[in-house]
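Here the structure is a predicted model, which means the values were calculated and not measured. Just so it is clear: chains get the letters A, B, ... in the order the sequence lines come, proteins before strands, and each one is counted from 1.
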Amino acid sequence: MNFIEELRWRGMIQDIMPGTEELLSKEMVSGYVGFDPTADSLHIGSLVPILLLVHLQKAGHKPIALVGGATGMVGDPSGKSEERNLLSEEILRHNEQGIRRQLEKFLDFNCGERSAEMVNNYDWFKEISFLNFIRDVGKHITVNYMTAKDSVKKRIEGDTGISFTEFTYQLVQGYDFYWLYENKKCKLQMGGSDQWGNIVTGTELIRRKAGGEAFAFTCPLITKSDGSKMGKSEKGNIWLDLSKTSAFEFYQFWIKTSDTDAEKWIRIFTFLDEPTINELIKEHAKDPGKNILQKKLAEEVTRFVHGEESLQEALVTTEKAFAQKDIPAEDLTVEDIKALKGVTQLKFQKNKLSDGIDVISFLAETGSFSSKGDARKTVQGGGVSINRKKINDIQLKIDSSFLLHNTYILVQKGKSSHFLVEVV
RNA sequence: GGGCAGAUGGCCGAGUGGCUAAAGGCGACAGACUGUAAAUCUGUUCUCUCACGAGUACGGAGGUUCGAAUCCUUCUCUGCCCA
């Protein structure tokens with residue numbers, strides 16, 4: 001099965017330029033995806049572009065990861081209703097390093113001519129003068145063409161407007177493609193479907209300026225079936241960096257996937273082949289309560305991103321926190337509690353417990369809740385458990401008798417938000 | 001430079017002197033039901049307070065008023081039009 005066919009059955013192709021498939025079957029192709037350096041770690045949202053590159057490399061082509069240092073300074077108007085904040089060069093460089101480290105885990109940067117490569121468009125843009133840019137690049141694209149783009153049109157018609165800076169964005173990104181075409185023989189760009197407009201500007205530029213032919217395809221933006229944005233948990237973004245999102249939390253994110261999403265996502269986010277996935281879907285349908293799909297999905301993605309060891313750790317924690325949730329907290333061994341790696345760990349001062357402290361203050365001061373009011377309301381609503389017992393008395397005093405093994409107190413907010421408070 | 005419109009809670013958006021901690025929606029959190037889903041229903045969603053209540057808060061700063069998100073002055077920012 002070729003690269004495009006592979007992605008097609010996985011549901012990862014939205015738009016594709018005619019001729020792309022022929023090109024890929026004819027020769028080894030360098031293809032690139034852009035990453036936004038807005039943070040020093042990638043998050044789940046970047047997983048799809050990463051996977052595109054991985055699939056590309058697997059299919060015998062050469063993946064190029066472009067970090068948008070320059071474009072990050074400009075800001076992409078696509079999908080944004082407002083002007084973005086600009087990032088400083090220092091921050092961009094720092095973020096680039098973080099992203100590079102992560103990509104190295106997924107792509108092979110040392111396998112001969114197919115080696116993955118990473119570039120930062122800041123490196124070529126910093127050399128270009130404004131005058132040269134508008135003369136050599138701007139001349140080839142009409143404003144009419146640029147304003148016809150949906151992302152631009154929306155902003156022009158909207159009531160926040162669009163700055164010249166962001167308006168220029170598609171030219172800047174388009175030039176990336178042109179630069180890679182000229183310097184790296186890159187003939188393919190991939191990206192999310194929101195990038196289609198920017199990508200096409202690139203192929204257009206290559207055609208007009210270099211007389212060359214370049215290709216592209218986009219993958220659908222991943223959304224949840226309820227229409228909400230994907231990749232957020234109650235704690236915010238799900239990052240690919242273990243210090244930002246533990247393996248346990250990462251695993252939990254995938255476990256909580258709904259059935260409809262799971263069927264789509266297991267195709268996109270895992271490398272399992274079609275028969276295996278169809279089999280899993282069939283299995284799952286027999287007894288959805290077993291969450292076969294979600295478990296497999298979570299397992300595969302966690303292993304891919306964080307490795308076998310972290311996966312096992314996440315599985316153990318999950319086991320302790322969920323599968324054994326009926327075991328009274330008092331019966332948990334120290335090992336059991338220590339195995340709760342990855343749940344949010346909090347500290348609390350022991351001397352505050354000597355006279356007892358009311359639950360509300362306790363919850364707020366440990367940091368499990370953002371404010372006392374928040375804690376109180378959740379307790380009143382029946383949403384808090386301490387040591388696996390639901391509490392409904394907001395007057396309750398927490399004292400040393402709550403300590404498990406003289407050190408720990410388990411706090412649960414809702415069903416799946418666990419905190420381990422270490423009292424020292 | 002001139003004219004006009006606008007700036008409200010995480011977001012969208014109503015509100016044009018007291019009944020406004022501010023409608024409604026989205027998002028988020030919790031509960032019920034379940035499968036650590038989805039859908040649905042319910043509650044919560046500025047801070048402090050068990051509560052009564054208090055304190056902050058409608059772009060910034062002043063002012064008018066017993067009382068201001070609402071009126072005035074001024075500044076900042078945004079959009080539209082003219083130059």
Side-chain angles (χ1 to χ4, degrees), chain A residues 77 79-85 154-167 223-238 248-266 280-281 283-299 302 314-315 317-326 340 342-344 357-365 368-386 388 390-397 410-419:
Chain A
K80 306 280 190 320
S81 55
E82 278 182 36
E83 196 74 15
R84 291 209 317 194
N85 297 324
K154 269 189 201 137
R155 287 282 293 276
I156 288 177
E157 286 164 2
D159 52 11
T160 46
I162 182 168
S163 66
F164 178 69
T165 309
E166 287 197 14
F167 175 64
T223 50
K224 296 210 263 186
S225 53
D226 59 10
S228 64
K229 235 183 288 162
M230 181 251 185
K232 300 266 186 181
S233 74
E234 56 270 29
K235 291 183 188 103
N237 267 324
I238 303 288
F248 170 69
E249 284 171 277
F250 187 85
Y251 179 85
Q252 283 295 315
F253 169 82
W254 298 101
I255 278 286
K256 288 186 212 171
T257 308
S258 71
D259 290 357
T260 35
D261 288 336
E263 287 189 22
K264 273 188 292 177
W265 291 6
I266 198 160
L280 282 167
I281 291 174
E283 281 280 310
H284 182 86
K286 277 187 213 153
D287 185 0
K290 280 191 178 153
N291 292 336
I292 291 172
L293 273 179
Q294 284 88 340
K295 280 180 189 158
K296 191 70 182 169
L297 172 67
E299 192 184 310
T302 309
L315 286 172
T317 308
T318 298
E319 169 82 8
K320 300 290 178 199
F322 291 97
Q324 301 177 3
K325 68 179 168 203
D326 296 331
L340 290 171
V343 310
T344 311
I357 178 170
D358 61 290
V359 222
I360 305 304
S361 309
F362 174 76
L363 292 172
E365 283 177 33
S368 19
F369 284 83
S370 57
S371 74
K372 283 189 181 181
D374 186 19
R376 184 176 335 100
K377 281 161 194 157
T378 314
V379 170
Q380 282 169 340
V384 178
S385 296
I386 289 186
R388 293 187 174 169
K390 190 162 273 191
I391 49 168
N392 33 39
D393 177 14
I394 49 175
Q395 310 271 16
L396 185 71
K397 289 275 181 199
L410 286 175
V411 176
Q412 266 169 274
K413 172 184 175 184
K415 273 180 206 158
S416 51
S417 209
H418 293 247
F419 301 91

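- An OP1 or OP2 oxygen of B:C48 is reached within less than 4.0 angstrom by a side-chain nitrogen or oxygen of A:Ser371.
- Using a 4.0 Å heavy-atom criterion, one finds that A:Gly381 contacts the sugar-phosphate atoms exclusively.
- When the side-chain nitrogen and oxygen atoms of A:Lys390 are compared with OP1 and OP2 of B:A32, one or more of them lie within a distance under 4.0 Å.
- Taking atom NE2 on A:His418 and atom P on B:U36, their separation rounds to 11 Å, with Å as the unit.
- Residues meeting the salt bridge (charged side-chain N to carboxylate O under 4.0 Å, His left out) test with A:Lys296, sequence neighbours left out: A:Glu300.
- Comparing B:U45 with B:A39, their P atoms sit 23 Å apart, to the nearest whole Å.
- Here, B:G15 and B:C71 have their P atoms 13 Å apart, quoted to the whole Å.
- Using a distance-only test at 3.5 Å, with no hydrogens or angles considered, no donor-acceptor pair links the side chain of A:His418 to the main chain of A:Val343.
- For A:Lys320, the side chain to side chain donor-acceptor pair (under 3.5 Å) test picks out A:Asp336, with sequence neighbours left out.
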A:Lys256 and A:Gln294: CA distance, side-chain angles, deciding distance, side chain to side chain contact (heavy atoms under 4.5 Å, CB included) verdict:
CA-CA 7 Å; A:Lys256 288 186 212 171; A:Gln294 284 88 340; over 6 Å; no

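- Heavy-atom distances to RNA chain B give each of A:Lys372 and A:Lys377 a nearest nucleotide, and the one nearer the 5′ end belongs to A:Lys377.
- Between A:Lys415 and B:G35, a side-chain N or O to OP1/OP2 separation shorter than 4.0 Å is absent.
- For A:Ile394 and B:A51, the CD1 to P distance is 6 Å, given to the nearest whole Å.
- The nearest whole Å value for the distance from the NZ atom in A:Lys286 to the P atom in B:G35 is 19 Å.
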Got a list of protein N/O to nucleotides 55-58 of chain B N/O distances below 3.5 Å?
none

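- Distances were taken from every side-chain heavy atom of A:Thr378 (C-beta onward) to each of B:U34, B:U36, B:A30; the shortest belongs to B:A30.
- Of the inter-residue distances, the one linking A:Trp254 atom CH2 with A:Asn291 atom CG reads 15.5 Å to the nearest 0.5 angstrom.
- Here the side chain of A:Phe322 is nearest to one of B:A30, B:G35, B:U36, namely B:U36.
- Rounded to a whole angstrom, the distance from the P atom of B:C58 to that of B:A68 is 12 Å.
- Across B:A23 and B:A69, the matching C1' atoms stand 14 Å from one another, rounded to whole Å.
- Residue-level contact check: A:Gln294 touches the bases, meaning some heavy atom is under 4.0 Å from a base atom.
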